[in-house]
Amino acid sequence: QCFIFSITVNANLTSLPEKHLVLLRDGRTLIGYLRSIDQFANLVLHQTVERIHVGKKYGDIPRGIFVVRGENVVLLGEIDLEKESDTPLQQVSIEEILEEQRVEQQAKQESEKLKVQALKERGLSIPRADTLDEY
Amino acid sequence: MELLGHHEENLAERLSKLVIENELEDPAIMQAVQTQPPMQQSGGLNSSIWDGSAVLRRFRGPLLTQEMPSVSVLEYAMLQKPPQGQEDERDLSERALPRRSSSPIIGSPPVRAVPIGTPPKQATMPNFIQQILCPKPVHIRAPMQQRYPSPYGERMSPNQLCNVSAGRMSPSQFARVSGLVGSPLTSMNPKLLQGRVGQMMAPASGFRAFFGAPPPPAPPSSQQQHPPCPGSHLQNLRPHPQMFRPDTTHLHPQHRRLLHQRQQQNRNQHRSLNGSAGDRAGHRSSHQEQLRKDPYANLMLQREKDWVSKIQMMQLQSTDPYLDDFYYQNYFQKLEKVSAAEEMHGDGPKKERTKLITPQVAKLEHAYKPVQFEGSLGKLTVSSVNNPRKMIDAVVTSRSEDDETKEKQVRDKRRQTLVTIEKTYSLLLDVEDYERRYLLSLEGERPALMEERKQKICDMYDNLRGKTPGQERPSDDHFVQIMCIRKGKRMVARILPFLSTEQAADILMATARNLPFLIKKDAQDEVLLCLLRPFSLVLYHLPLGTVTSLLQQLANLPQSATVPAPANLHLTAVLQNKFGLSLLYLVLSRGEELQNSSAAMELMQDNQWTELMSMATRELLRIPEAALAKPVSTPSNLLSLFSRYVDQQKLNVLETKLQ
């Protein structure tokens with residue numbers, strides 16, 4: 001719904017800048033100060049930080065200024081600065097979180113491979129969405 | 001000649017002055033400036049050229065913004081000077097564009113040098129707005145600007161004054177109007193003027209209008225400051241703390257409250273910082289402090305934000321919300337029903353279920369008439385967005401049956417079924433919608449609606465069973481095909497409530513008859529279970545005779561009972577499937593109910609029923625427990641039913657199996 005924008009847009013007026021969290025279509029999470037927005041949801045984020053979550057840990061990579069094309073935005077929300085520190089998640093260094101992410105990806109791929117293998121042995125296959133020609 | 005030369009010189013002078021004065025920041029234009037002036041002086045320029053085309057240029061120009069470096073400076077300069085210079089007296093109608101039909105742009109959407117989505121830089125110039133080729137009132141007009149804004153904090157610029165007098169909308173004014181109703185641009189004007197007149201006198205920029213009543217003397221002093229931060233001048237005009245910004249009418253009510261709360265908090269913070277309550281100077285300084293910490297705050301002007309909000313609200317405009325926003329509408333209806341139900345039960349405080357008020361637009365009929373020239377033969381063949389033309393004459397040729405291979409036939413048949421399902425589904429959606437339409441319609445229209453609905457239901461049934469209106473439904477084939485497809489099954493489940501008892505019973509029979517086949521086909525989907533509920537509802541309306549034949553179908557016995565085979569494959573398959581078994585139980589249970597309730601029983605039916613029952617029980621006994629499926633629910637009267645037909649020992653066995 002578009003009224004989400006009007007919320008943030010009008011909130012821009014208050015003197016204290018509010019941090020926003022943006023989720024992109026490729027799964028990235030960006031956190032920064034929203035400076036500008038337009039009707040396509042193109043965003044200008046200032047002092048942006050890309051936050052990677054793995055399990056209960058997260059790591060921030062500072063990225064500077066981001067200009068995001070609107071079609072890639074999934075959702076955009078305001079971060080309550082008071083509640084921001086009140087999180088069960090633990091912040092770790094960038095290297096650590098990247099390592100964790102790599103490990104997680106690997107594990108996922110392996111389990112997927114095993115699953116497909118097991119099904120193949122039983123003579124079954126999970127049909128891929130694009131090969132189904134009926135609803 | 002002399003006259004001409006003199007004229008030229010003046011022109012050049014004016015141009016150079018203009019260019020310098022204009023404080024153009026666009027580097028492209030600045031570059032152009034350096035190269036252009038010499039060109040003007042060379043070559044005997046006929047002043048009449050300028051006079052003639054000036055009309056054309058003058059209204060081409062405003063459509064361009066500063067971002068168009070391709071605009072030659074001369075054109076640009078022409079724009080600046082003439083309107084304020086000599087041509088003020090000229091009649092506005094002379095500036096009017098030629099009629100759309102004879103313009104070079106035929107049949108296409110209005111030309112925009114700037115894409116519609118460009119935010120405004122400044123308030124728009126009203127004269128040029130009126131000349132836009134824009135026949136449709138709901139078009140979003142490209143905001144126009146004439147030159148770069150004068151430094152902030154100035155008096156209300158002539159642009160804005162003009163705006164008000166012309167009664168035109170500019171983004172800054174728009175937001176002040178609560179809600180968009182009808183054609184937003186025309187209906188707002190009286191309101192605008194009323195609202196604005198009060199503000200006009202105050203020597204402040206248009207932004208102050210947002211904050212409601214004109215503030216006392218403080219603003220003039222504030223405007224003298226020119227803080228370095230972009231857009232921070234707004235902060236100097238910090239509103240009355242109590243003032244509720246009227247432009248927040250577009251916000252969701254819940255959010256408006258949140259924002260208000262936050263403003264309160266901020267205010268409290270400020271008060272505690274400064275120690276003096278309501279001290280405007282105190283406010284300003286604290287704001288400036290905060291702004292120094294964050295110089296990029298409010299990079300977007302309020303006007304720009306409201307402009308974006310305006311677009312978003314316009315996007316929400318809908319002529320038929322039930323069509324465009326079906327799930328949203330239904331969701332909120334459900335919520336309301338729930339809250340209403342809650343209210344009925346308890347007498348707690350009425351929970352506010354505030355909705356975002358979206359603008360409603362009346363349906364506008366746009367009849368596009370293609371351009372026609374008088375005296376010409378035929379029509380122009382120009383194709384555009386509004387008027388798409390057929391370019392290729394594609395003729396559908398049906399292939400002969402012999403050429404097709406078996407595979408193709410099968411594929412085509414399947415596709416036919418899919419098409420049938422889609423058509424029937426559309427009918428179904430319409431039928432489901434009739435209730436709502438009924439409530440909204442007038443008394444006179446209602447019988448017609450009912451007729452339509454009935455007709456659609458008949459059509460649906462025909463689609464399901466195959467079109468051939470023979471005496472008897474020749475084959476179940478059509479129906480079975482539909483039932484093989486997941487969507488088809490779900491659709492049948494949804495259609496059943498609308499069918500008459502006979503029709504529904506017919507469907508049930510067909511299902512039962514072909515159950516093993518359907519079960520086999522359903523192995524992957526497992527959607528048959530969705531049919532249980534509607535089936536059971538239908539069952540409760542069926543008389544015993546029908547139930548008996550239904551059971552017969554399930555057991556797959558021909559009309560005349562032959563020697564029962566040692567193993568009934570049909571029934572076995574049924575028993576081994578969750579859906580089949582559940583259905584069987586339901587049928588049995590219903591039969592039992594009917595038997596118990598009705599006093600007089602026809603002997604024949606009794607025999608039939610008994611036979612079927614014994615067959616069923618035999619099968620149930622025979623089948624190993626492991627192979628027996630787990631039914632959705634086991635009706636309670638089954639045991640009593642079985643007890644009538646079998647002895648105690650077998651009854652115990654059955655009991656364990658039923659568990």
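Residue numbers start from 1 in every chain, and the chains themselves are labelled A, B, ... in the order their sequence lines are given, proteins ahead of strands.
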Point-to-point distance, once rounded to the nearest 0.5 Å, from CD of B:Gln312 to CD of A:Gln39: 8.5 Å
Between CG on residue B:Leu299 and CG on residue A:Leu34, distance to nearest 0.5 Å: 10.0 Å
Should we say atom CD of B:Glu407 is surrounded by more than 12 heavy atoms from elsewhere, each under 6.0 Å from it? no
What pair of heavy atoms forms the shortest contact from A:Arg35 to B:Met300, and how long is it? O-CG, 3.3 Å
About how many Å separate CG of A:Asp38 and NZ of B:Lys305, when rounded to the nearest 0.5 Å? 14.5 Å
Applying ring pair (Phe, Tyr, Trp, His ring centres under 6.0 Å), can you list everything that pairs with A:Phe66, at least two apart in sequence or on another chain? none
Name all residues meeting the side-chain hydrogen bond (donor to acceptor under 3.5 Å, both in side chains) criterion together with A:Glu100; count only those two or more places apart in sequence or in a different chain, and write none if there are none. A:Lys57
For atom CD of B:Gln416, decide whether the heavy atoms of other residues, nucleotides or ligands shown that lie under 6.0 angstrom number more than 12. no
